[in-house]
2 protein chains.
Amino acid sequence: MNPDSPDIQQLKDGYLLAALSHSEFEDVMAHASVRTLAPGEGVFDQGDLCTHFFFVLAGIVKLGRIAPSGEEKVMDLVRPRHYFAEAAMFLGGRYPVYACALEATRLVALDNAHFLRLLRGNGDLCIRLLSTLSQRMHGLVNEIDNLTLHSGAERLIGYLLEQLPEGAVPASVWLNVPKHVIASRLGIQPETLSRILAKLRAERLIDVHEGMIVLNDVAALRRFS
Amino acid sequence: MNPDSPDIQQLKDGYLLAALSHSEFEDVMAHASVRTLAPGEGVFDQGDLCTHFFFVLAGIVKLGRIAPSGEEKVMDLVRPRHYFAEAAMFLGGRYPVYACALEATRLVALDNAHFLRLLRGNGDLCIRLLSTLSQRMHGLVNEIDNLTLHSGAERLIGYLLEQLPEGAVPASVWLNVPKHVIASRLGIQPETLSRILAKLRAERLIDVHEGMIVLNDVAALRRFS
DNA sequence: CGGCAGTTTGAGCACGATCAAGCACAGTGG
DNA sequence: CCACTGTGCTTGATCGTGCTCAAACTGCCG
């Protein structure tokens with residue numbers, strides 16, 4: 001792997017690995033590899049032995065869970081510059097979710113065993129990882145009170161506002177993923193999502209063109225959630 | 001604080017601090033204190049500056065969240081031998097939940113700043129804490145697919161089976177907390193909880209006496225969830 | 001052109017929330 | 001001793017959100 005590629009620069013600049021010395025970073029790179037995935041291609045299955053964690057360079061990765069009953073739930077959609085499966089490293093062996101690419105995707109796979117060894121010797125890196133996991137936990141806690149306290153419409157609005165890039169004019173969100181995936185991510189059925197979108201469109205709060213959602217009145221939407 | 005008390009032994013035997021040397025443990029104890037709480041007394045409020053994390057020696061602590069809209073949700077009920085608020089240490093300042101005792105409670109308060117200093121020098125302790133947080137995250141993920149995939153009745157049954165002490169005959173759970181707290185913990189209304197209990201009782205799956213719930217047919221209940 | 005996946009729309013239904021009333025029990029004060 | 005009050009729990013009636021089943025519509029690819 002070329003250490004000067006923009007990919008690697010992206011990884012190096014991210015929060016987690018910024019604590020590393022030059023030689024430590026080289027060391028991590030020596031045990032990392034870049035994977036290129038076609039749309040729909042899997043990264044790992046739920047229950048697989050977990051050997052790596054990942055950083056997304058480009059594309060979108062879906063993290064999903066299949067309940068014993070067969071029902072499926074999208075847990076997260078991971079976009080570029082984010083890590084995933086880094087908590088599974090400590091969970092004792094198997095991935096609790098499956099991961100697959102939703103579109104053409106490039107990611108870095110980092111070796112768990114090697115990274116764990118590095119962690120032992122680097123308190124700063126440890127603290128950063130602890131901080132990362134804490135933030136992720138906080139996100140999950142928010143998710144839980146979203147699910148219990150808010151309606152489907154409120155969750156959708158909250159999600160859209162989260163995805164909204166800073167200072168985009170007009171304020172708009174590019175979904176990039178099939179709507180039924182968004183629906184599962186929000187814990188609702190595709191039909192319900194469709195109805196909510198129709199209702200918001202009727203109230204002139206949003207416009208929908210292809211996969212693009214334009215938020216006409218961000219202030220009003222914010223008041224909603 | 002007497003280092004030979006059974007309280008301290010309990011703390012020392014727990015998973016998290018088992019990695020410490022004798023002198024390190026003494027060091028932690030030097031910055032820890034035992035607090036005794038009356039029923040209903042608060043430990044900290046949502047939004048308080050976070051300075052300590054805690055280990056429950058006896059009693060029950062309720063972790064709750066108040067949404068901006070004023071709605072309230074019980075996030076967790078912490079029982080003896082468990083930690084809480086150890087993730088907030090890395091979250092940058094303020095507790096995302098409030099904590100209060102539901103009955104007479106005794107807990108150990110551990111100093112964040114001091115513990116962080118200790119973490120930097122002890123890779124093993126770091127890894128243990130990472131592992132603890134990962135498990136907690138996994139619990140939250142389970143919680144989420146409970147909320148999205150299962151009905152109120154299934155969540156209640158799941159909760160009861162979780163609380164069921166090993167090898168208790170007859171299989172029974174002592175709630176120890178008002179039912180409206182359980183309801184909030186499960187994300188349902190008190191009335192709904194009451195109805196579910198009535199239905200399960202009608203089907204002879206459980207019996208309810210005071211705060212005691214007897215599970216008549218654990219196998220059948222397990223099949224439910 | 002026909003098949004197929006994703007999406008939309010419609011109709012009916014179920015779960016759980018809300019509003020409301022009733023019951024049991026404890027504490028308080030006349 | 002008995003009203004009076006407050007709290008926690010239960011039960012009933014009603015209503016709304018969102019799920020299910022079903023049908024129609026879209027764009028896409030063979």
Side-chain angles (χ1 to χ4, degrees), chain A residues 38-40 60 62 67 69-74 77 100 102-103 145-159 174-203 206-213 224-225, chain B residues 39-40 60 62 67 69-74 77 102-103 145-159 174-203 206-213 224-225:
Chain A
I60 298 183
K62 176 175 83 170
S69 54
E71 293 156 301
E72 198 168 345
K73 166 86 174 52
V74 175
L77 298 169
C100 67
L102 281 179
E103 53 183 58
D145 65 37
N146 264 336
L147 286 169
T148 53
L149 266 32
H150 302 322
S151 71
E154 292 170 310
R155 294 208 294 278
L156 170 62
I157 292 173
Y159 181 77
W174 195 255
L175 290 184
N176 269 327
V177 290
K179 289 189 183 162
H180 65 90
V181 173
I182 300 283
S184 175
R185 169 62 243 273
L186 295 172
I188 57 182
Q189 298 302 118
E191 295 97 323
T192 305
L193 174 59
S194 182
R195 282 180 237 275
I196 294 172
L197 285 172
K199 191 162 62 89
L200 293 177
R201 203 149 28 104
E203 294 171 11
I206 63 170
D207 279 316
V208 183
H209 304 106
E210 313 290 314
M212 168 80 98
I213 297 186
F224 242 92
S225 66
Chain B
I60 298 184
K62 175 175 80 170
S69 55
E71 294 154 301
E72 199 169 344
K73 165 87 173 54
V74 174
L77 299 168
L102 281 179
E103 54 183 56
D145 63 37
N146 262 336
L147 286 169
T148 53
L149 266 31
H150 302 322
S151 71
E154 292 169 310
R155 295 209 294 279
L156 170 61
I157 292 172
Y159 181 76
W174 194 254
L175 291 183
N176 269 329
V177 290
K179 289 189 181 162
H180 66 87
V181 173
I182 299 285
S184 175
R185 169 61 242 273
L186 295 173
I188 58 181
Q189 297 301 313
E191 295 96 324
T192 305
L193 174 60
S194 183
R195 280 179 239 275
I196 293 172
L197 285 172
K199 192 163 60 87
L200 292 178
R201 202 148 30 103
E203 293 171 13
I206 63 169
D207 280 315
V208 183
H209 304 107
E210 312 290 316
M212 169 79 98
I213 298 186
F224 241 92
S225 66

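In what follows, chains carry the letters A, B, and so on, assigned in the order in which the sequence lines appear, proteins first and then strands, with residues in each chain numbered from 1. Note: hydrogens, waters and symmetry copies are ignored here, and every other heavy atom, side chains too, is used. Here the structure is a predicted model, which means the values were calculated and not measured.
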Notebook entry, point to check: Looking only at heavy atoms, what is the nearest atom pair of B:L186 and B:R155, with distance?
Noted result: O-NE, 2.9 Å
Next item on the list: Check whether any side-chain heavy atom of B:N176 lies under 4.5 Å from a side-chain heavy atom of B:L77, and answer yes or no.
Entry: no
Notebook entry, point to check: Do you know the tightest heavy-atom contact between A:G40 and A:C100?
Noted result: O-CB, 4.2 Å
Checklist line | Heavy-atom closest pair, residues B:P39 and B:L102 | finding: CB-O, 4.0 Å
Check: Taking atom C1' of C:dC15 as reference, at what distance in whole Å does atom CG of B:L193 sit?
Finding: 15 Å
Next item on the list: Starting at atom NE2 of B:H150, determine the distance to atom P of D:dG18, rounded to an integer number of angstrom.
Entry: 20 Å
Notebook entry, point to check: Nearest heavy-atom pair of A:E103 and A:I60: which atoms, and what distance?
Noted result: CG-N, 3.8 Å
Note to self: Quick one, B:K179 and B:L197 - any side-chain contact, counting heavy atoms below 4.5 Å?
What the structure shows: yes
Check: A:L156 has an atom CG; how far is it from atom P of D:dT17, in whole Å?
Finding: 16 Å
Check: How long is the line joining CG of A:L149 and C1' of C:dG16, in whole Å?
Finding: 15 Å
Note to self: If I take atom CG in residue B:L186 and atom C1' in nucleotide C:dG16, what distance separates them, rounded to the nearest angstrom?
What the structure shows: 14 Å
Check: Does the side chain of A:S151 pick up a donor-acceptor pair with the side chain of A:E154 at under 3.5 Å?
Finding: yes
Notebook entry, point to check: Quick one: A:E154 CD to D:dT17 C1', roughly how many Å, whole number?
Noted result: 12 Å
Tabulated below should be each protein N or O lying under 3.5 Å from an N or O of nucleotides 17-19 of chain C; please produce it.
residue: C:dA17; atom: OP2; partner: B:Q189; partner atom: N; Å: 3.4
residue: C:dA17; atom: OP2; partner: B:T192; partner atom: OG1; Å: 2.5
residue: C:dT18; atom: O4; partner: B:R195; partner atom: NH2; Å: 3.2
residue: C:dC19; atom: N4; partner: B:E191; partner atom: OE2; Å: 3.4

Note to self: How many whole angstroms separate atom NZ of B:K199 from atom C1' of D:dT10?
What the structure shows: 16 Å
Margin query: Please report the distance, rounded to the nearest Å, between CG in A:L147 and C1' in D:dG18.
Written below: 14 Å
N/O contacts under 3.5 Å, protein versus nucleotides 6-9 of chain D?
residue: D:dC9; atom: OP1; partner: B:K179; partner atom: N; Å: 3.1
residue: D:dC9; atom: OP2; partner: B:K179; partner atom: N; Å: 3.4

Notebook entry, point to check: Is there side-chain contact between A:I188 and A:I196, with heavy atoms separated by less than 4.5 Å?
Noted result: yes
Margin query: Restricting to non-hydrogen atoms, name the atom on B:V74 and the atom on B:S184 that form the minimum distance, rounded to 0.1 Å.
Written below: N-OG, 2.8 Å
